[in-house]
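I have placed the structure first, in the form of structure tokens, so that the comments after it can refer back to it.
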Amino acid sequence: MSDEYGTIRPVIKPILDLFRSDCVAFWATTYNVDLAFFNEYLLRRLGDPPLNAVVLADQRRLDRSLEAATDRQDLLAPVNSRWLLRSVQLGAGRFHPKSYLTVNGRTAKLIVGSGNLSTNGIDAGRETFVAFQSGTPDGDAAILTWRAWVRRLVGTVDDTRLAERFADLETRLPQSTVPHVIGDTMLFHNLDAPIGKQLFDMVGSADVDELIVAAPFYDEHGEALGALVDRLRPNTVRLYTTSSTSVDGSALVSRLDGSGAQVEAFAYVPDGFTHAKLVGVIAGERAWIMSGSANLSHAALTARAGPGNVELVVVAQHDPRSVRAVFVPPDVRVEARPLASLASLNYDSADAAADPERPHRLLRGAFLHDGRIQITAKNVLAVSVLLADHGNSQPLSVEGETATTAGPLAGPLVHLVDADGTTLSNCIVVDDPAGLARVLQSGARSENGRPSELTMADLNTPLGRALEYMHNNMVMDVAERAPTAGTGALGADETTIAGDDSLWARLERETLARDPRAGSYARLLSRAQGTLALAEPIIELLDAMRHRVPLIDSTGNTRTTLQLLVIKPNDDPDAPGTGGGHQWSETARIRVRGRNVIRRYAAAQTDPRLVWIDPLAPLGNLDMAATVFVKMWPHAFVVGPTVELTADDLDDLWGRWIRPFVGTGNGDGWLDRTDVPTERLTALMAGDFVEKVTALCWLAIRPGKDHRERIVAWQPALRALYDRGLFDDNETVAEYLCMVTGRVVPAKQVGTDLLASLSFIDDELWCQQIAAQLGVGHLELGVLSAGQSVSVRLDIRGIDDPLNDPRLPQLVVATRQYRRTDPVALYAADHGWRVVLATGEPAAYLARFGHGEVVDSLPVMAGVIERIAAANGVLGDLFPAAVRVA
Amino acid sequence: MPAAGEMSSGFPRWLAPSIDVKEGRDPLGLQTTTQDRLTPRLLPGILELSRQARYLSFHSFLLDRYRSLGMPAEGTSLSTFIKRREWEYGLAVLKCPHNCKTIPVGANALRAMMAKHEPPYPRGESVESPFGGYGLYYRSPMAELGIVARTGTMLGDAPIPVDVLYDTDRARALANTFRTAVSGTQYVKTWMLTSDPIPLDVLVEYARVGCLCQLSAHPAERDAVHEALFGENPFDVPAAQIAEPPLLTSQLGGDAVGDEPLPSGGVAVTQRRRSVAHFLTLIESTPAVVDDVSAFREALWSSTGFRSGEHEHVSGEWAGLIGKDVWQDALCSMWAEFCAAGLSATRANGGVGLTLDETKALAQSLVAGPPLLSSSMATTELVAAIAAGTISLPGIEGSLVSASLDAVRSATVSANTATSGLITILDLHRRTLGRADAGWVSTASVRSAWQPSVAEVLARTTVHLAEEPTVADSLWWFIQRFVIAVHERIAYSKLQQREHTFRFRWEEGRFQFYNNGVGRFPLAAIRDEPLSSITWNLDLWARGPDGRAELTERGRAFITETFG
């Protein structure tokens, strides 16, 4: 998406980015939380245990939410049972930071922004977020800052269960295995100093040209913004507002009038509540953008946490153009408004309304084994208070700030009452310690998440784990997922729409596009051009196969898959030759089942529906399969029945995968048919992917048993790969092949061998293979008579109707490719017909040698035969209809 | 410093939604009972859009031809082959010299092309969807009937890479008989695999023998299709007795059924034969069932004159489906008015949602009808009034007692009010009181993942009436249990597919109503059209001189063969 500044502005989709089924930890800080939305939707997206999920929310806001939840306690079931909910209150201010951290496998993601944990906050509203990812200097720095900040918050809450979970989180966060650079943090909180002061320190004494702001809430008279203007002294102040911006507009104008700055007002069109909070500062060629939770109020900007709110922001330095551009949301335009128009804005004090005063504050509670509840309060409890849930109450045995009910109470939402039933405290959701402990524990995820051919025991093998990973994270076989339109999922009134087949096509397409695994392709294939960093799913796949080595080398460069594989992992119990750990002899049982799964997946590559999942899904699936194969190859040379896949298996499987992808030079590969621009494909396939392809292809034609047969069988695919530049005979490939074969394979040799295979000729063998492939009775490269204009003659048996048989065009194209020539003569050894084809010349057809006349077509243009072959067409297309009759 | 246009670390991004707002097709989880549980159970192997029997032999012919030509064993190629042949076949059907007006797969696209082009017609593909009409409508039934081995079926120790016909007599017969019918045409001999524009005379000649309407002109092919649909599948285990139906939920005191495996193998064949034979008996008594779904519904509900115990059983099964649909439309009337009223109340409240008490009051206020009821009236009084014929529904002449059940259902659909829904439910309750025949029980006890079965609802209604509620109480009772509690759960489940289908949602202590389609949702189709079309294709009935449907000798023989 680009804007009037010509700037490409990517958007963020937290639900897709963060809430994924392989998540092992999710921590959120938020002002308010939509409990039903989180319990019924987001939590389910996070998947099965083990999961450390914690939400810290503003105390007063959470009190209101829980009080309102008394009518619908059915929506509270997972709270403090599957995940931990805690309120935070520091001094008089609000707990207002919006940050979300997830940990998946070896990756952590943190997003910091303006949106609360609600539908509007993380999906539908006008909000902004900054995303950080572990493994990058800025990401690691931000996550480090966030950890330190949350550790301090946890300390202030003084809750051992929360502290225990934080300790667990720290063990789940990615641990760097090698020293690497951590950048300066861009993440700022206000536990020690006000946000505004930290921004001033960053800008320093620079002469500020522009101060640009957008926020939904100011303090009543715009004093905080005024203070910002006083300190920065910008030449221009630019305000973005909506009709719901909360400030006394007249007071704001008055406050800014005296600042000496030129004030410009802009309105968002269409008008709509805009919750993002942005402050931009431009000083010459330098510019800063502050985003996050801080509104333009004293509580957010000019006060520390305690007197003020707890806030969290990101401040980054960028170019002025980008900073100006970010203030315009997607699908929104801005209109300049007269300054006087700001007078129409009103300050909304509704949120500042006082909450009912309660004599007691409940902090937390927990079920005991016998169903009684133990609670902790902020102050010493009176002996006369009772603990009540929605239906009953129980007297309490009080010991200072803690108390235990006399008998069981159902909960889970409880509060204190007096003997008359008058409410004396806030509501809390009682903890289920056993449930909370269970979800933290490591355990198998869903047992159904495996290919149907595999057994549970198979999942203990590297190949089984790899297939399980692919099954759960990629759409390897659309048929497993695709709905059948004809099941009748339509209403009675729709059955009359006869012939509207597009309805069902749409249904199928939309259903497939919603597959949650579709997001994996973006993670696998969205890397920017020229970036060689290994994609997350590849890392996760290797991780599933227990190949754990550092992802970056000693110079800080990211390793490719083959580079990772040539390093012996420290903790790979499955490595061949290692004495301990997993015994490969136990894994051989998976061979047949695993092979069938991979064959099925290979066949499913050509299912046209796969691109509805993602246009690049075929490439993504091949990349994953190739990763499995290069990981399996080092084991394939182990002698005896101790391997999951043998060398022959791997040759066969790789052939089944690469041929439909690259084709045979007839325009019949996915690469020939896809609409994805060639430049994008080239960029995506460069580096890691091409290395794997090169290594696997060299292994397919490696010296040894059946060498000639393998070369001839592989020639069409190898030519197609070569023509597309998909070979890279670099040192990494050579090093990997040395490891696999146990002998020296110089990089130069790799290229030489592959090129030699392209020009390899063995007519007899080629004829046998093509005849078998096309189901032709017999094929022979015949001898040409002197003076004939064609250079290749094929004698054929088993085809009686040459103009209506789709095998003939295939045969012509295969012959042209094999012999690298154009004119081809086809002679029937059993039926007497003859066909001669040469580009630019009329095709000649003789129905029976010695009888009748030769029929000529119009001149055959270049590429026509290839196009007919690709479409499974027939040579009859070249001739008049009257000639075609069999 | 990053250049302009680059979004480097630390730069904020605007939020983009990942959840689409959609109306949702089945907001109360009632259509699914019919679509996914009842119709597959009642008529296994025949889908709603698998309406033309001859497509079974046509697609068998294509698969056989594809294989015999040695074309690539991969999906894209087969898909293209099928879609191109379907395009040409569709053109031929639309140019049928018998003026049959049959609608082929891809008819819309074909008609659009024909409007633009004079013959010869350009080549094309039937529908965009992979594998064309075969993939959409016929692949699954043909696999279920044991005709097609789908991609991935194990052949030895390896999965097959592309769909093929099973090497059985019944599969071969389908392919061979269609081939025999069309092998003499210029299309098959000359044009089929070419890409030239196709002349009109070639299409007309092809349609003359190959059109969907011409199955009856080729008895061997018709018999092959008949055998495919109603003969024993060689891959099945021997046909077993159809399992004893479960008892009524209320009798057992347990959950209603619905999660049992659908019929397969010999059980499926027997069930398919019985349902089709039952349909044919309905033609005898009510010829309009072949054209009129309302007549079909009423005939299914009130059928009599059973030829055997099996016939009575299957009749009861279909009656259970009709009862469930009456319950659905009655509840839908409550739903539609409740959603509309909730939205109005929320708007009137400045966009602020309703508390639980306000929501209850809203539901109880939906007594204005039509027909108008008093909120304080005892519901048992209303029941008595229905039985006495002193209260009726708009559009019904006379009392409810004398009206057909489908007329009552249609009346609440037209009235679209909560009170009409309540009266319809109570009338259904009256009509089914004490009904316990095994066929009825076996389908009336089928529930969806979201809603109880109609038998369970009726049993609970009996208990509810014993508590002497008022009409206002009953409205809230139905809306709270079968609308509010269910819709939110369904909509949350749809969120997993990133679709926002909420009409209302509990947020921060209030029901927030959304203007996301507040109207009715339709009944699911109940296979009336495929039953009518396929049985006609197979010469089991024909139209008499006056246009009325009449059973043929084959049709009568089929009934006798099935029911005795």
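Below, chain A is the first sequence line, B the second, and so on; all start at residue 1.
- Arg85(B) forms a cation-pi arrangement with Phe81(B), by the criterion of a distance under 6.0 Å to the ring centre and an angle within 45° of the ring axis.
- Proximity of the aromatic rings of Phe502(B) and Tyr492(B) is defined here by a centroid distance below 6.0 angstrom, and this criterion is met.
- When the candidates Val130(A), Asp607(A), Asp668(A) are compared by the number of heavy-atom contacts under 4.5 Å with chain B, Val130(A) comes out ahead.
- Options Ser195(B), Gly90(B), Gly75(B) differ in how many heavy-atom pairs under 4.5 Å they form with chain A, and the most are formed by Ser195(B).
- Heavy-atom distances place the side chain of Arg84(B), and not its backbone, under 4.5 Å from chain A.
- When each of Leu774(A), Val874(A), Asn596(A) is checked for heavy-atom pairs under 4.5 Å with chain B, Asn596(A) comes out on top.
- Using modelled atom types and a 3.5 Å distance limit, the side chains of Ser77(B) and Tyr66(B) yield a donor-acceptor pair.
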Can you list the steps and then say if Glu488(B) with Arg505(B) is a salt bridge (charged side-chain N to carboxylate O under 4.0 Å, His left out)? CA-CA 6 Å; Glu488(B) 273 191 304; Arg505(B) 190 170 86 87; over 6 Å; no
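- Proximity of a side-chain donor or acceptor of Tyr55(B) to a complementary backbone N or O of Val105(B) within less than 3.5 Å is detected.
- Per-residue heavy-atom pair counts under 4.5 Å with chain B were compared for Met186(A), Arg807(A), Arg72(A), Glu127(A), and the maximum is reached by Arg72(A).
- The aromatic rings of Phe131(B) and Tyr134(B) stand perpendicular to each other, their planes meeting at an angle above 60°, with 30° marking the opposite boundary.
- When the candidates Ala602(A), Gly115(A), Pro806(A), Ala316(A) are compared by the number of heavy-atom contacts under 4.5 Å with chain B, Pro806(A) comes out ahead.
- In terms of heavy-atom pairs under 4.5 Å with chain B, the best-connected choice from Asp805(A), Leu187(A), Ile122(A) is Ile122(A).
- Highest contact tally toward chain A, considering only Pro161(B), Gly70(B), Ala485(B), Ala16(B), is held by Ala16(B) [criterion: heavy-atom pairs under 4.5 Å].
- For the pair Pro197(B) and Arg123(B), the minimum side-chain heavy-atom distance is 4.5 Å or more.
- Using a 4.5 Å cut-off between heavy atoms, Leu278(A) touches chain B through its side chain atoms alone.
- Heavy atoms closer than 4.5 Å to chain A are found nowhere in Phe521(B), neither backbone nor side chain.
- Under 3.5 Å, the side chains of Thr151(B) and Asp163(B) contain a donor-acceptor pair of N or O atoms.
- Residue Arg489(B): no heavy atom, backbone or side chain, is found under 4.5 Å from chain A.
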